[in-house]
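Because only heavy atoms are used, hydrogens play no part in the values below, and waters and symmetry mates are left out as well, while side chains stay in. We name chains A, B, ... by the order of the sequence lines, and we start the count at 1 in each one.
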Number of protein chains: 4
Amino acid sequence: MVTNLRADAARNRERVLEVARAEVAEGNVSLQLNEIARKAGVGVGTVYRHFPTPRALLEAVVGKELATMVQLTEQASQMQDIRAAMEFLLRRTLDLQLCTSGGLAEVICAIEDADERTTHAKSEMRRLADHLLERARAAGVIRPEITGEDVRNLMAGLERAVELDPDRADVYVSVLIRGLSG
Amino acid sequence: MVTNLRADAARNRERVLEVARAEVAEGNVSLQLNEIARKAGVGVGTVYRHFPTPRALLEAVVGKELATMVQLTEQASQMQDIRAAMEFLLRRTLDLQLCTSGGLAEVICAIEDADERTTHAKSEMRRLADHLLERARAAGVIRPEITGEDVRNLMAGLERAVELDPDRADVYVSVLIRGLSG
Amino acid sequence: MVTNLRADAARNRERVLEVARAEVAEGNVSLQLNEIARKAGVGVGTVYRHFPTPRALLEAVVGKELATMVQLTEQASQMQDIRAAMEFLLRRTLDLQLCTSGGLAEVICAIEDADERTTHAKSEMRRLADHLLERARAAGVIRPEITGEDVRNLMAGLERAVELDPDRADVYVSVLIRGLSG
Amino acid sequence: MVTNLRADAARNRERVLEVARAEVAEGNVSLQLNEIARKAGVGVGTVYRHFPTPRALLEAVVGKELATMVQLTEQASQMQDIRAAMEFLLRRTLDLQLCTSGGLAEVICAIEDADERTTHAKSEMRRLADHLLERARAAGVIRPEITGEDVRNLMAGLERAVELDPDRADVYVSVLIRGLSG
DNA sequence: TATGAATGAGGCTTCATTCAT
DNA sequence: AATGAATGAAGCCTCATTCAT
């Protein structure tokens, strides 16, 4: 991703990201740049240089998952069984959202992005997902009035439900799938 | 509700609650007691006396809605058309959750309560809801593996989805209903 | 000035003002509220409560001098010898400006005030000064094109000159007086 | 001015100076070396190499104006009409001070200089000005007790007054001229 | 009981300066 | 000679909570 960076700068950036990732994994989605600097053993300024806002840092943290989402969507697009594709995509999406404690969902549902790479990834993901959804609608697997936006919103909601009882993730996904079905 | 309270104390309590309710309605679920005291025209200490923690205040605020939920659940229990009953209950629940900006959902899904009256109301509501659900399951209106807890969690999630796009509330409710259907 | 204040609050307020006054006297006109809190031995919040902005504090600090200015202007207004009155007023004004390290001049020349009592005092002072100036103009002691605003601006400038060489204060005042003369 | 400098180093120096000059012209007299480096497209280190302190940079920036001042003073010295000479010099000095947002006045009135070329220019300027003043005194155009230092201090003050109301620059200059007159 | 002044930890962000590359 | 990443002190301000009145 970021290449034109001095070796030591890159190392620091990685350390910060690592710490931030750990925070997110622990559920602290509102990242405190000072705290992260301390844990990463770098000066505050360093964190601010790399990530001017908590938002930018969050996007960098979930960037990997967002990229994965794009890949998954593409993968799903290429599956023959459209219902299986939807189930696959939603289930995997949920996993990604969960391991980022909702950070990914937040980035996906945000209207403004801090980093344009986020915007690009999101729009690519949407393009693919909307296309898949179109096929699903045509196949009668998804009700016609459901938009891609709806699915993303419902997924964000689903994630919250699963946070409340992680053991029921599969049940909840199946509820959503059935709910969306035509 | 609260007895053995001097008239002025009761008046203060009400004023605080009113202000807090307005805050919650505006989406400020993490209540700032200082701010509330100021708006209510009472000292901070007074707020703390009546509501030792923000949590306690939140519970007091949504107490009315929680009571309404109990009533609604009871009402739903008495409806003949079980599917209509479920739809009625979920839709109305969502409305209550929305007008408390998720405060109600938070209280309902919380494991620990600050006030035991909350605990009582919640358990009463659960009893009634579980009973309704039992009937719904028997009637084949709800899939058998769905528990009352599941419904509550999914409702909390639904509320988040609706927050993301309030205009789609009806669609999202219908998705949930269908998803729960046997 | 401020009366409806609890005894301890008033004491703290005074302590803060005292420290701030000392700062100003030492030339630190841009008051640092944290620093002042520390020196006054009170919490930062206390300072912020009494003086929401550095500006408000500065105005409070020079309030006394501003009041004195109003008195002096009134006194000057009642003197028979109009030239002596102008000399008296300018010289005394300069003294007040100097002992506030220009803080008074800054407040006087500011367009926006933090405290409306400042605004009142300033407008009272201007009213009196403009009246005196009118008389001075009529008496041919001040050139006709000079406005009250001009005098205030020139006094602010004069203060800077005097800061550069305090020993020459009298000379500089006499230069100004002569410069203003018709 | 600066010799024995590699071509690229000289170019960098110039770029920095240009940016700093623009800052000063806009009123930012306390120069932020980071900011300037960014705008000049050079590293901070480069700025520090050429100008170890903000002060040094400021002196470099107003060096041109200081040189102009020397020229103007010389020019004024050669004018026949001594009153016209004083008026010419003061008015032009004020213009220079204004377009450096007081930076020039600050350098002129400073006791310590960062760069000895500043010291030289200042002393040359003083020599010429004092000489002119001597003539002015002799001609009865300037009051006998006024020193060159006084004039410089008063000019610094005048600049402040003009900053407060730039439209009155001419009036204020005339006040000073008259004030200095014998 | 009520008040609201006081506290001060805790979060934020900037920026002058250094120094490894 | 140039770079610019890194530093971290230093300033800012808020707000949850306590406690003297």
Side-chain angles (χ1 to χ4, degrees), chain A residues 4-13 15-16 30-38 40-50 52-54, chain B residues 5-13 15-16 30-38 40-54 57, chain C residues 4-13 15-16 30-38 40-50 52-54, chain D residues 5-13 15-16 30-38 40-50 52-54:
Chain A
N4 309 350
L5 215 48
R6 253 165 48 182
D8 55 344
R11 199 161 45 248
N12 276 335
R13 193 176 190 282
R15 261 200 277 176
V16 169
S30 16
L31 300 165
Q32 320 211 63
L33 302 197
N34 267 12
E35 183 70 1
I36 284 167
R38 198 181 50 71
V42 303
V44 228
T46 304
V47 176
Y48 274 85
R49 164 180 293 272
H50 288 298
T53 62
Chain B
L5 213 52
R6 266 171 34 184
D8 56 343
R11 204 161 42 245
N12 277 338
R13 192 178 191 281
R15 261 197 277 176
V16 169
S30 26
L31 298 165
Q32 316 208 78
L33 301 198
N34 262 322
E35 183 74 358
I36 284 168
R38 195 179 51 72
V42 305
V44 226
T46 305
V47 176
Y48 271 86
R49 162 174 301 273
H50 290 297
F51 311 100
T53 63
L57 180 51
Chain C
N4 308 350
L5 215 49
R6 254 168 44 184
D8 55 343
R11 200 160 44 246
N12 277 334
R13 193 176 189 281
R15 260 199 279 175
V16 169
S30 17
L31 299 165
Q32 318 210 60
L33 303 196
N34 266 13
E35 183 71 2
I36 284 167
R38 196 180 51 71
V42 303
V44 227
T46 303
V47 176
Y48 275 87
R49 164 180 295 273
H50 289 296
T53 62
Chain D
L5 212 52
R6 263 169 40 181
D8 56 343
R11 203 161 42 245
N12 278 336
R13 193 177 189 282
R15 263 197 276 175
V16 169
S30 29
L31 299 165
Q32 316 208 73
L33 302 197
N34 261 323
E35 184 74 359
I36 285 167
R38 197 180 49 70
V42 304
V44 225
T46 305
V47 177
Y48 270 86
R49 163 174 300 274
H50 290 297
T53 63

Asks: Look at the side-chain N and O atoms of His50(A) and state whether any lies under 4.0 Å from the OP1 or OP2 oxygen of dA6(F).
Replies: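 Yes.
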Asks: Just jot down the salt bridge (charged side-chain N to carboxylate O under 4.0 Å, His left out) partners of Arg38(C), sequence neighbours excluded, or say none.
Replies: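 Result, salt bridge (charged side-chain N to carboxylate O under 4.0 Å, His left out) vs Arg38(C): Glu35(C).
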Asks: Quick one, Arg13(B) with Val16(B), criterion side chain to side chain contact (heavy atoms under 4.5 Å, CB included). Give me CA distance, side-chain angles, the key distance, then yes/no.
Replies: CA-CA 5 Å; Arg13(B) 192 178 191 281; Val16(B) 169; 5.9 Å; no
Asks: How close or far is atom C1' of dC15(E) from atom CZ of Arg49(A), stated in whole angstroms?
Replies: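 Nearest whole value for this atom pair: 12 Å.
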Asks: Listing time: all N or O pairs from protein to nucleotides 18-21 of chain E that are below 3.5 Å?
Replies:
none

Asks: Report yes if at least one side-chain N or O of Thr46(A) is closer than 4.0 Å to OP1 or OP2 of dA5(F); otherwise report no.
Replies: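 No.
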Asks: Separation of Arg38(D) atom CZ from dT3(F) atom P, in whole Å?
Replies: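 Rounded to the whole Å, the gap is 15 Å.
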Asks: If you compare all heavy atoms of Leu31(A) against all heavy atoms of Pro54(A), which two are closest, and at what distance to 0.1 Å?
Replies: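 Taking Leu31(A) first and Pro54(A) second, the nearest heavy atoms are O-CB, 3.7 Å.
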Asks: Taking the nucleotide of DNA chain F with the closest heavy atom to each, which residue, Ser30(B) or Val42(A), is nearer the 5' end?
Replies: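 Here Val42(A) is the residue nearer the 5' end.
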Asks: Round to the nearest Å and state the distance from Arg13(B) atom CZ to dA2(E) atom P.
Replies: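 Taking CZ of Arg13(B) and P of dA2(E), I get 11 Å after rounding.
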Asks: Looking at Gln32(B), I'd like to know whether one of its side-chain N or O atoms comes within less than 4.0 Å of OP1 or OP2 on dA16(F).
Replies: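 For Gln32(B), the contact criterion (side-chain N or O under 4.0 Å from OP1 or OP2 of dA16(F)) is met.
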Asks: Tell me which of Gly43(C) and Asn34(C) sits closer to the 5' end of DNA chain E, going by the nucleotide each one is nearest to.
Replies: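 Closer to the 5' end of DNA chain E: Gly43(C).
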Asks: Under 4.0 Å from OP1 or OP2 of dA2(F): is there any side-chain N or O of Asn12(D) that close?
Replies: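 So the side-chain polar atoms of Asn12(D) do come within 4.0 Å of the phosphate oxygens OP1 or OP2 of dA2(F), strictly under.
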Asks: With Watson-Crick and G-U wobble geometry limited to distances under 3.5 Å, how should the secondary structure of DNA chain E be encoded in dot-bracket form, using | for bases paired to another strand and [ ] for crossing pairs?
Replies: .||||||||||||||||||||
